[in-house]
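Below, read A as the first sequence line, B as the second, and so on, with proteins coming before strands; counting in each chain starts at 1. Everything quoted here is computed from the prediction, not taken from an experiment.
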Number of protein chains: 2
Amino acid sequence: MSKTSRGGAAPSAGRATIHDVARIAAVSTATVSRVMSGGKPVSTEVTDRVRAAAREVGYRPNPAAQTLLRGRSQTIGVVAPDLGNPYFAEILKGVAAEAAEVGHHTLVAGTDEDPEREYRSALELARWVDGLLLCAPRMSTPRLKEVAAASRSLVLINRVLRHPSIGAVVVDYSEGVKVLCEHLAGFGHERIVYLEGPPNAWSDRQRQRGFRTAEALGQTVIPIPCGSAMQDGYATADEALKHQPTAVIAFNDHVALGVFTRLRELGIDVPGELSLIGIDDAPMSAHTDPGLTTFAVSTVDLGRLAWQKFTSDPGAGVVHLSGSLVVRGSTGPAPRKRRRATKR
Amino acid sequence: MSKTSRGGAAPSAGRATIHDVARIAAVSTATVSRVMSGGKPVSTEVTDRVRAAAREVGYRPNPAAQTLLRGRSQTIGVVAPDLGNPYFAEILKGVAAEAAEVGHHTLVAGTDEDPEREYRSALELARWVDGLLLCAPRMSTPRLKEVAAASRSLVLINRVLRHPSIGAVVVDYSEGVKVLCEHLAGFGHERIVYLEGPPNAWSDRQRQRGFRTAEALGQTVIPIPCGSAMQDGYATADEALKHQPTAVIAFNDHVALGVFTRLRELGIDVPGELSLIGIDDAPMSAHTDPGLTTFAVSTVDLGRLAWQKFTSDPGAGVVHLSGSLVVRGSTGPAPRKRRRATKR
DNA sequence: TTGAAAGCGCTAACAG
DNA sequence: CTGTTAGCGCTTTCAA
């Protein structure tokens, strides 16, 4: 009769080793290993004995030992500029969900938009993980290549790099901006302020590329430095107005929402006096009044795609994720006369 | 003369072992180890040789081997119901930042609000990590104790449990609700609908506890099942109105924002006809029109406190984080006559 | 100050 | 089908 404690009470701790189990079941550690990993030829009688012993002591294989032996940790690393930003949070959610589905773990690191920390975190995580996912990396290209060399597998989100071992999943923001500009053109907008994202964001450059189309459409685009957070939009709104645009396109929805608030404070009617557009379609954007016109992107899909890139097609190659125009109430016909500049 | 490649070009890969370094530097692996870990007595000449060799091959110690030997992985695990929810995303951000500060890593797992997945994820992560942080865990108390037994160290966020080895960091939501109700009482509100959070949320029960005070204040509180997301609030708004409240308190700001949208659709004036209150002070809440009155909580601090609980004071004990009332435009005097119920 | 050797917990040959 | 052995990469005695 086994000594198994009744009622499945919690076994001491995760401290039991394979030796303990082997001793109790009166078999070799090899046999225990065979039973635990499954699919190996072991008699049912022994299997039962081992399982009972394992349950008794609450045995769980030590992952460090497994990793050491196998050379793979079943872990993926995710590095993002800001873990608190819903955009990256949802990417992480998507990746972690897919990874967990097949028994992989997810290690994370936030960099606070600091390229130096980003570089160091990436190198650090690379020691541990089987694959590294860098979200919107801000570091230099040479360093990115260094990270690639130090990683078993590297995938980028929203940045591309011609390199044999660096894959990427990117949103086609260039196309997005083009669609947005066309939408505005349909409303007769000819003078647009673009609120730029963080300095080293590749995806910002893609957006800027999209504006070339706008200029071909006869629109004037005035880019001004801003950022990626709500408060950046709020703080830059006055500056944007000085250029007397009839429409503002923000780096993303958060920024647009910040602008929105400032416009309301100034008593400027949206879209009557000014049309406002975001990018990414944050959850909130459907809940403002008026709703925010935006270029919608499925962030969770971004994460899922990134995971698939790892498993299905490691190495070079770029997966494109397209978005779609979502027209809500924040855009409308350009006003007849341009707004006067507000006093600062 | 060393063979070091010029210009710091990326060394082959993270494949170099301590043996490679030892061979190149013509020393034993023990010496390499001593140099790498530092603080050990090694001649400067040998130190230099080892460092050069390590740099040359891009040597980085294998963390699995270190973990196996040391019995600690320098890693913390974070489990949350929804990684995409800004509330948990910010907690994660806080924890990860603190952990990284001292060279620790952060492993994450989302559970999609599923207590079963939560339990399994926790047990799984426990094998790896030095400490486990469970955010708003939904699993049963016995299972929580099981997880505690399997973990080296366990800290809960927004749930308490009398157990010698389970610590907790909690927001005082009971007090928060009390403050909110007093605020409403000042405006003459006597009939309040409370939109409940997820079924197994301990923090929801704390809120409900807070409402007892309200009832002592002569207010009637009608709790109705809702959820934690914006769409939950949107979907439950009509139901809430049926009870003809003069004020609605939502489980959190997201829910309140969802309600807000529905109220706007229905043409109900906030706060003229109905006062609306959230909890947690999400970033958006300052950017709606009118702004959302709420009970503000610093989520990043929650994460930081959780980390400190691990390092400074493992084991039992509850750290309380208090919040504060933030009055914005969504609350005002109760209307003279109650709203008629809207047709469904 | 340095090296040799043992062993962390586990799995994969290789025998039997 | 099962046990023995070797060794993953590293750190840490113990000697020299």
Colleague: Could you check how far CZ of Arg49(A) sits from C1' of dT2(D), rounded to whole Å?
Modeller: 11 Å

Colleague: How long is the line joining CD1 of Ile18(A) and P of dT5(D), in whole Å?
Modeller: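 The answer, rounded to whole Å, is 17 Å.
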
Colleague: Going by heavy atoms closer than 4.0 Å, what residues in residues 63-75 of chain A are next to DNA chain C?
Modeller: Ala65(A), Gln66(A), Leu69(A)

Colleague: Using nucleotides 1-5 of chain C, report all nitrogen or oxygen pairs with the protein that are shorter than 3.5 Å.
Modeller:
from: dT2(C); atom 1: OP1; to: Ser43(B); atom 2: OG; distance (Å): 2.8
from: dT2(C); atom 1: OP2; to: Ser43(B); atom 2: N; distance (Å): 2.7
from: dG3(C); atom 1: OP2; to: Ser28(B); atom 2: N; distance (Å): 3.1
from: dG3(C); atom 1: OP2; to: Ser28(B); atom 2: OG; distance (Å): 3.2
from: dG3(C); atom 1: OP2; to: Thr31(B); atom 2: OG1; distance (Å): 2.7
from: dG3(C); atom 1: N7; to: Arg34(B); atom 2: NH2; distance (Å): 2.7
from: dG3(C); atom 1: O6; to: Arg34(B); atom 2: NH1; distance (Å): 3.3

Colleague: Going by atom types alone, do Glu90(A) and Thr299(A) pair a side-chain donor with an acceptor below 3.5 Å?
Modeller: yes

Colleague: What salt bridge (charged side-chain N to carboxylate O under 4.0 Å, His left out) pairs are there with at least one residue in residues 44-54 of chain B, not counting sequence neighbours?
Modeller: Glu45(B)-Arg49(B)

Colleague: Nearest whole Å is fine: how far is dG7(C) P from His19(A) NE2?
Modeller: 11 Å

Colleague: When rounded to the nearest 0.5 angstrom, what is the spacing between OG1 in Thr141(B) and CH2 in Trp202(B)?
Modeller: 11.5 Å

Colleague: Can you tell me if Tyr87(A) and Asn158(A) form a side-chain donor-acceptor pair at under 3.5 Å?
Modeller: yes

Colleague: I'd like to check the side chain to side chain donor-acceptor pair (under 3.5 Å) partners of Ser43(A); sequence neighbours left out, ordered by chain and number.
Modeller: none

Colleague: Once you round it to whole Å, what is the distance between P of dT2(D) and CG of Asp48(A)?
Modeller: 11 Å

Colleague: Among Leu68(B), Leu69(B), Thr67(B), find the residue that satisfies the side-chain contact (heavy atoms from CB on, under 4.5 Å) test when tested with Leu68(A).
Modeller: Leu68(B)

Colleague: Distance alone, cut at 3.5 Å: any donor-acceptor contact between the side chains of Thr31(A) and Ser28(A)?
Modeller: yes

Colleague: Rounded to whole angstrom units, what separation is found between the CG atom of Asp20(B) and the C1' atom of dC8(D)?
Modeller: 14 Å

Colleague: Return yes if a side-chain donor-acceptor contact under 3.5 Å exists between His104(B) and Glu98(B), otherwise no.
Modeller: no

Colleague: Can you name the residues that form a side-chain contact (heavy atoms from CB on, under 4.5 Å) with Glu113(A), not counting sequence neighbours?
Modeller: Pro81(A), Arg138(A), Pro198(A), Ser228(A)

Colleague: Could you state the atom-to-atom distance from CE of Met36(B) to C1' of dT12(D) in whole Å?
Modeller: 17 Å

Colleague: To the nearest Å, give me how far apart CZ (Arg23(B)) and C1' (dC10(D)) are.
Modeller: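 Spelled out: CZ on Arg23(B) to C1' on dC10(D) is 15 Å.
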
Colleague: I'd like to know if the side chain of Lys309(B) pairs up with that of Ser312(B) as donor and acceptor (distance under 3.5 Å, no hydrogens or angles considered).
Modeller: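 There is no such pair (donor and acceptor under 3.5 Å, judged by atom type) between the side chains of Lys309(B) and Ser312(B).
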
Colleague: When you look at Val108(A) and Leu92(A), which way does the side chain to side chain contact (heavy atoms under 4.5 Å, CB included) test go after all the steps?
Modeller: CA-CA 8 Å; Val108(A) 300; Leu92(A) 173 62; 3.4 Å; yes

Colleague: What is the bend of the helix from dT1(C)-dA16(D) to dG16(C)-dC1(D) when you compare the axis at one end with the axis at the other, using five pairs each and rounding to 10°?
Modeller: 40°

Colleague: Any side-chain N or O of Lys40(B) below 4.0 angstrom from OP1/OP2 of dT11(D)?
Modeller: no

Colleague: Rounded off to whole Å, could you give me the OH-to-P distance for the Tyr59(A) and dG9(C) pair?
Modeller: 10 Å

